Trainee: 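Sharing a structure, written as structure tokens. Questions coming.
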Amino acid sequence: MTPYPPMQGAPIQHGWTLAGSASALDRPGSFVTCESGLTPMLVVRGQDGALRAFVNMCRHRGMALLQGCGETGKSITCPYHAWRFDTTGALRVIPQRATQFPGVDRADWSLIPGAVAELAGLIFASAEPSAPALPDLLPVAWTESDEAAARAEGAAGTFELEFPGPGERVSSRLTVDVRQQQLVAVATTGSPAGYHVSVGVGCADEADLASTLVRVRAGLTVDVSVPQHEELSV
Amino acid sequence: MTITAAPETPAGPPVRYLLPAEAYFSAQWYEREQQLLFPAHWALIGYATDVQSPGDWYVGYCGATPVVLCRDSEGALRAFADPDDSISASQPTRLMAADCAGLTECAVDTWAGVIFAHLRPETAPPLMTWLGTFPSEAFVGLFPFEDLVGIDRTQWDLDCNWKFYIENHIDIYHLWYLHEKSLGNFDHHGLTCRSTGPHWSCVEAAKDPTLARRESLPRIPGVTDVEATLIRANLLFPNVPWTSTSGNAVTTYQVIPTGPETCRLDFRLRAVPGSVISDEDRANGRQILYAEDGYACEQMQRVVRAPQFGVGPLAQVHERPIMEFHQNLLTLLG
């Protein structure tokens with residue numbers, strides 16, 4: 001067995017970061033969260049079917065609106081003071097607005113938009129709304145192919161993925177530092193020839209997730225165990 | 001000053017969030033607070049019951065600075081700043097003032113069975129001057145504080161700056177939403193706020209008084225029927241929430257800064273001697289103070305380092321205490 005080389009390469013620039021898998025965002029109201037640099041982000045599929053990325057921050061007190069991934073329905077409601085945004089980011093409800101917020105215009109306090117991209121079955125987000133297109137930033141071309149599709153439901157932290165080599169059922173190991181999620185994408189090009197691996201690790205809600213599905217170009221599909229939260233060296 | 005929570009016409013200039021984001025994560029802000037803010041105030045560091053006999057000792061905190069409290073052979077209370085936590089490290093069986101040679105002595109005084117220390121005795125005002133009208137029925141209610149004993153203590157570590165927790169404590173607006181169920185039996189629209197100096201207080205009544213009582217604890221003798229329907233939430237500036245519920249318990253939960261982005265809640269509940277809090281009541285307290293309030297504060301800490309972080313308009317009345325808290329901080333921190 002030839003060990004995989006350590007993942008190397010510059011992080012994707014302009015804040016692009018892996019947010020999750022497209023399959024996690026296949027319904028209106030479904031969302032994932034991620035970090036773009038120091039900025040918490042959320043990506044939500046709107047009622048109109050469009051994907052949008054926003055800074056994961058209520059415009060009232062700055063609280064993170066959503067955690068992990070899941071369904072938020074037709075609106076995003078801050079748990080702190082119940083300010084409510086729709087899935088286009090528009091502020092719809094300020095509780096007690098007439099008496100407590102006289103003169104405040106809801107239109108001034110929409111969610112802060114970011115950028116979103118879908119590539120090879122993975123969703124990426126950036127806190128920079130005018131970030132250059134993601135494919136232009138990758139060190140080599142990332143071609144979307146059937147084999148490269150991946151469904152990602154992992155956990156935040158550092159863990160090892162095991163997957164078989166081409167044509168042989170030999171486990172190899174690839175360490176993925178999910179805190180540096182940009183490296184996950186670089187790993188696609190850093191793998192040995194013949195291996196184009198897409199690994200999605202977009203959901204930070206460790207408690208709900210137990211496995212990651214990795215699909216390699218050779219067409220082999222394996223389930224990969226993800227350590228439980230307590231075992232992660234975060 | 002007294003403010004009713006729901007005036008018909010909010011008045012005055014817009015209520016704003018005055019502190020910059022850096023105040024919640026930078027090491028420089030943290031150090032300035034330790035040097036300029038906490039040494040300028042009396043700090044609640046313990047209770048008389050913590051050091052009842054000569055040789056008893058206890059470690060409380062003034063900001064992040066450990067303060068060793070002991071009772072000397074004449075029965076007098078003594079307090080010493082112990083920034084290196086040397087006394088805790090050595091864990092003496094008994095401690096007298098003579099054992100604290102080399103540590104800087106603090107001013108120490110008591111009110112209501114509560115022991116306060118001041119890191120700078122030479123500039124400390126009299127304790128009662130600093131408390132203002134806080135020790136009054138309007139603020140803390142009429143309780144026989146000195147007859148109460150500690151019956152429960154819990155410490156929670158939170159991943160948030162200590163100020164986020166204090167701001168949450170004095171935020172009236174969140175009561176309707178974050179605590180929709182856990183405090184749903186209280187009439188937030190009838191809530192009244194007061195301040196004396198930098199200290200703050202609010203009181204509200206239960207909608208259904210029969211649901212207000214913490215059933216596992218007996219009524220504190222001498223407490224009125226009206227008091228038994230109230231919940232009080234006070235703040236001893238800058239970092240000690242002081243609450244009472246339903247006439248049968250008085251709690252303090254000092255929010256101890258443990259780093260620029262971390263703090264520890266030291267929750268101490270006092271009640272009638274011999275009373276025992278039930279698991280259900282303890283769980284209810286944990287739900288409100290940790291699972292709900294602590295969660296909200298940690299979720300703000302998650303965002304505060306983002307370049308996009310910002311706070312929008314604040315509720316004209318229900319969040320005004322936050323702006324006043326900031327003003328009091330900035331008076332000392334510039």
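Below, chains carry the letters A, B, ... as their sequence lines are ordered, and counting in each starts from 1. Nothing here was measured: the structure is a model prediction, and the numbers come from that model.
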Trainee: Classify the side-chain pair B:Y30/B:Q35 by whether it contains a donor and acceptor separated by less than 3.5 Å.
Mentor: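 B:Q35 and B:Y30 do not have a side-chain donor-acceptor pair below 3.5 Å.
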Trainee: Of the backbone (N, CA, C, O) and the side chain (C-beta and beyond), which part of B:L314 lies under 4.5 Å from a heavy atom of chain A, both, or neither?
Mentor: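 Its backbone and side chain both get close to chain A.
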Trainee: Quick one: do B:R302 and A:E35 satisfy salt bridge (charged side-chain N to carboxylate O under 4.0 Å, His left out)? Show the steps, please.
Mentor: CA-CA 10 Å; B:R302 271 184 66 195; A:E35 312 281 329; 3.7 Å; yes
Trainee: I'd like to know if the side chain of B:W200 pairs up with that of B:E324 as donor and acceptor (distance under 3.5 Å, no hydrogens or angles considered).
Mentor: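 Judged by distance alone, the side chains do not pair up.
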Trainee: Heavy-atom distances under 4.5 Å only: say whether A:D108 touches chain B with side chain, backbone, both or neither.
Mentor: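 No part of A:D108 comes within 4.5 Å of chain B.
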Trainee: Examine whether an atom of A:L91 lies under 4.5 Å from a heavy atom of chain B, and if so say whether it belongs to the side chain, the backbone or both; otherwise answer neither.
Mentor: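 Neither part.
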Trainee: Checking heavy atoms, do the side chain of B:Y17, its backbone, both or neither come under 4.5 Å from chain A?
Mentor: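 It is the side chain, since no backbone atom gets that close.
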Trainee: B:F325 ring centre to B:K163 NZ or CZ under 6.0 Å, with the angle to the axis within 45°?
Mentor: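 No, B:K163 does not lie over the aromatic ring of B:F325.
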Trainee: Counting heavy-atom pairs under 4.5 Å with chain A, which one of B:L175, B:N168, B:I322, B:D293 comes out on top?
Mentor: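 Maximum pair count with chain A is reached by B:N168.
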Trainee: Is a salt bridge present between B:D171 and A:R61, judged by a nitrogen-to-oxygen distance below 4.0 Å?
Mentor: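 The answer is yes: the pair qualifies as a salt bridge.
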